[in-house]
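Starting from 1, each residue takes its place in the sequence as its number.
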Amino acid sequence: MLKIQWPKYFNQDNEIINVFESYTNKKALQEYNDAINKIENFDQEIIAVTGPMYIYKDFIDVTIILVNTSQFNIANIGIDLVLIYQDKFISGGFLLMEDKYGEISSNSGIVEFFRVSNQGEFSFEQGVVEKEEYQIKANISYQKYEESKEPNKIESTL
């Protein structure tokens with residue numbers, strides 16, 4: 001069984017802890033765990049699974065659950081994303097550095113949010129968009145924990 005959790009830095013910031021230790025967020029984390037554990041076959045060892053997309057007045061948060069089903073721990077993960085929603089494409093990326101996110105051990109995962117602006121030509125109505133209503137294309141690179149080789153790379157469509 002896979003164990004999904006919040007990133008390491010969530011537990012190091014009191015303001016974030018107070019927000020994410022709420023009943024609503026504990027329930028959301030349990031829902032993410034349940035959803036991930038329903039997946040019977042992962043086509044790759046390191047994958048990104050999408051969750052709900054939250055659209056606010058000034059920004060959009062896309063829920064990304066990074067899952068490690070390999071036999072090794074990973075760290076220093078780079079994710080380049082293209083968000084496709086209502087025939088619009090928004091691209092960006094982020095780096096999950098080991099010192100802030102920790103390592104993702106075998107058969108576990110973390111939840112993170114890909115944040116983009118909700119202004120200008122990419123302005124959408126506020127609300128929650130279920131994962132079936134949008135698409136993410138992701139390129140993921142990572143380092144096997146305690147190795148200094150070139151990062152491994154995978155490409156997937158979520």
Side-chain angles (χ1 to χ4, degrees), residues 1-70 74-97 100-102 104 107-142 153-158:
M1 186 161 137
L2 295 166
K3 173 84 170 134
I4 308 302
Q5 55 199 3
W6 301 118
K8 173 183 166 183
Y9 77 90
F10 276 30
N11 298 313
Q12 298 173 335
D13 184 316
N14 287 332
E15 287 182 40
I16 294 174
I17 289 171
N18 291 335
V19 170
F20 282 91
E21 285 297 311
S22 71
Y23 171 77
T24 302
N25 288 314
K26 284 182 180 180
K27 183 178 173 193
L29 189 59
Q30 184 58 51
E31 288 172 4
Y32 298 151
N33 271 291
D34 293 344
I36 292 297
N37 282 294
K38 286 181 184 174
I39 299 173
E40 293 182 16
N41 294 311
F42 291 97
D43 60 350
Q44 298 172 351
E45 292 182 328
I46 313 299
I47 63 167
V49 178
T50 56
M53 179 169 64
Y54 302 95
I55 303 175
Y56 301 98
K57 179 182 176 189
D58 296 325
F59 62 90
I60 300 169
D61 273 344
V62 179
T63 307
I64 302 291
I65 305 163
L66 193 62
V67 179
N68 177 8
T69 64
S70 73
I74 61 171
N76 299 320
I77 302 138
I79 305 176
D80 293 316
L81 300 169
V82 176
L83 166 64
I84 305 164
Y85 179 59
Q86 294 183 353
D87 296 324
K88 294 183 182 175
F89 296 78
I90 304 170
S91 62
F94 53 97
L95 184 60
L96 286 68
M97 296 300 296
K100 187 173 180 180
Y101 289 86
I104 301 176
N107 292 314
S108 69
I110 61 168
V111 178
E112 185 53 291
F113 300 94
F114 173 60
R115 181 169 282 182
V116 295
S117 175
N118 188 33
Q119 298 181 355
E121 68 177 289
F122 298 114
S123 184
F124 299 105
E125 187 176 319
Q126 294 183 53
V128 177
V129 178
E130 295 304 320
K131 66 181 184 176
E132 297 80 16
E133 298 176 50
Y134 71 93
Q135 185 179 13
I136 292 281
K137 292 188 181 207
N139 290 315
I140 303 169
S141 61
Y142 59 92
K153 296 186 182 218
I154 21 182
E155 189 172 312
S156 62
T157 300
L158 312 174

By side chain to side chain contact (heavy atoms under 4.5 Å, CB included) - contacts of Q119 (at least two apart): D58, S117
Answer yes or no: does atom CD of E125 have more than 12 heavy-atom neighbours from other residues, nucleotides or ligands under 6.0 Å? no
Going by the salt bridge (charged side-chain N to carboxylate O under 4.0 Å, His left out) test, which pairs reach into residues 59-68, not counting sequence neighbours? D61-R115
Show me the side-chain donor-acceptor pairs of residues 79-94 shorter than 3.5 Å, one per line, residues at least two apart or across chains.
unit_1, atom_1, unit_2, atom_2, d
K88, NZ, E121, O, 2.9

Which residues share a side chain to side chain contact (heavy atoms under 4.5 Å, CB included) with Q126, sequence neighbours left out: K57
Test item: V129 and I60 side chains (from C-beta on) under 4.5 Å apart, heavy atoms: no
Please give me the minimum heavy-atom distance between N118 and S123, naming the atom from each residue. OD1-CA, 3.2 Å
Going by side-chain hydrogen bond (donor to acceptor under 3.5 Å, both in side chains), name the residues that satisfy it together with T69, two or more places apart in sequence or in a different chain. none
With sequence neighbours left out, write down each residue that passes side-chain hydrogen bond (donor to acceptor under 3.5 Å, both in side chains) with T63, or none if nothing qualifies. none
For S70, check side chain to side chain contact (heavy atoms under 4.5 Å, CB included) against everything at least two apart and list the hits. E45, I46, N68, F72
Output the distance between atom OH (Y101) and atom CG (L95), rounded to the nearest 0.5 Å. 8.5 Å
Could you pull out every donor-acceptor pair under 3.5 Å between side chains of residues 31-38 and any protein atom, sequence neighbours left out?
unit_1, atom_1, unit_2, atom_2, d
N33, OD1, I4, N, 2.7
N33, ND2, I4, O, 3.1
N33, ND2, L29, O, 3.2
D34, OD1, Q30, NE2, 2.8
N37, OD1, L2, N, 2.8
N37, ND2, L2, O, 2.9
N37, ND2, N33, O, 2.9

List the residues meeting ring-ring contact (aromatic ring centres under 6.0 Å, His included) with Y56, not counting sequence neighbours, and say none if there are none. F59
Closest approach of K100 to K8 (non-hydrogen atoms, all atoms of both residues): O-CB, 3.5 Å
Quick check for you: to the nearest 0.5 Å, what is the distance between I65 atom CD1 and F113 atom CZ? 8.5 Å
Would you check if N76 and M97 make a side-chain contact, meaning some heavy-atom pair closer than 4.5 Å? yes
Verdict with supporting geometry, L96 and I110, side chain to side chain contact (heavy atoms under 4.5 Å, CB included): CA-CA 10 Å; L96 286 68; I110 61 168; 3.4 Å; yes
Residues at least two apart in sequence or cross-chain that pass side chain to side chain contact (heavy atoms under 4.5 Å, CB included) with K131, listed by chain then number, are T50, Y134
For Y9, side-chain hydrogen bond (donor to acceptor under 3.5 Å, both in side chains) partners two or more places apart: E112
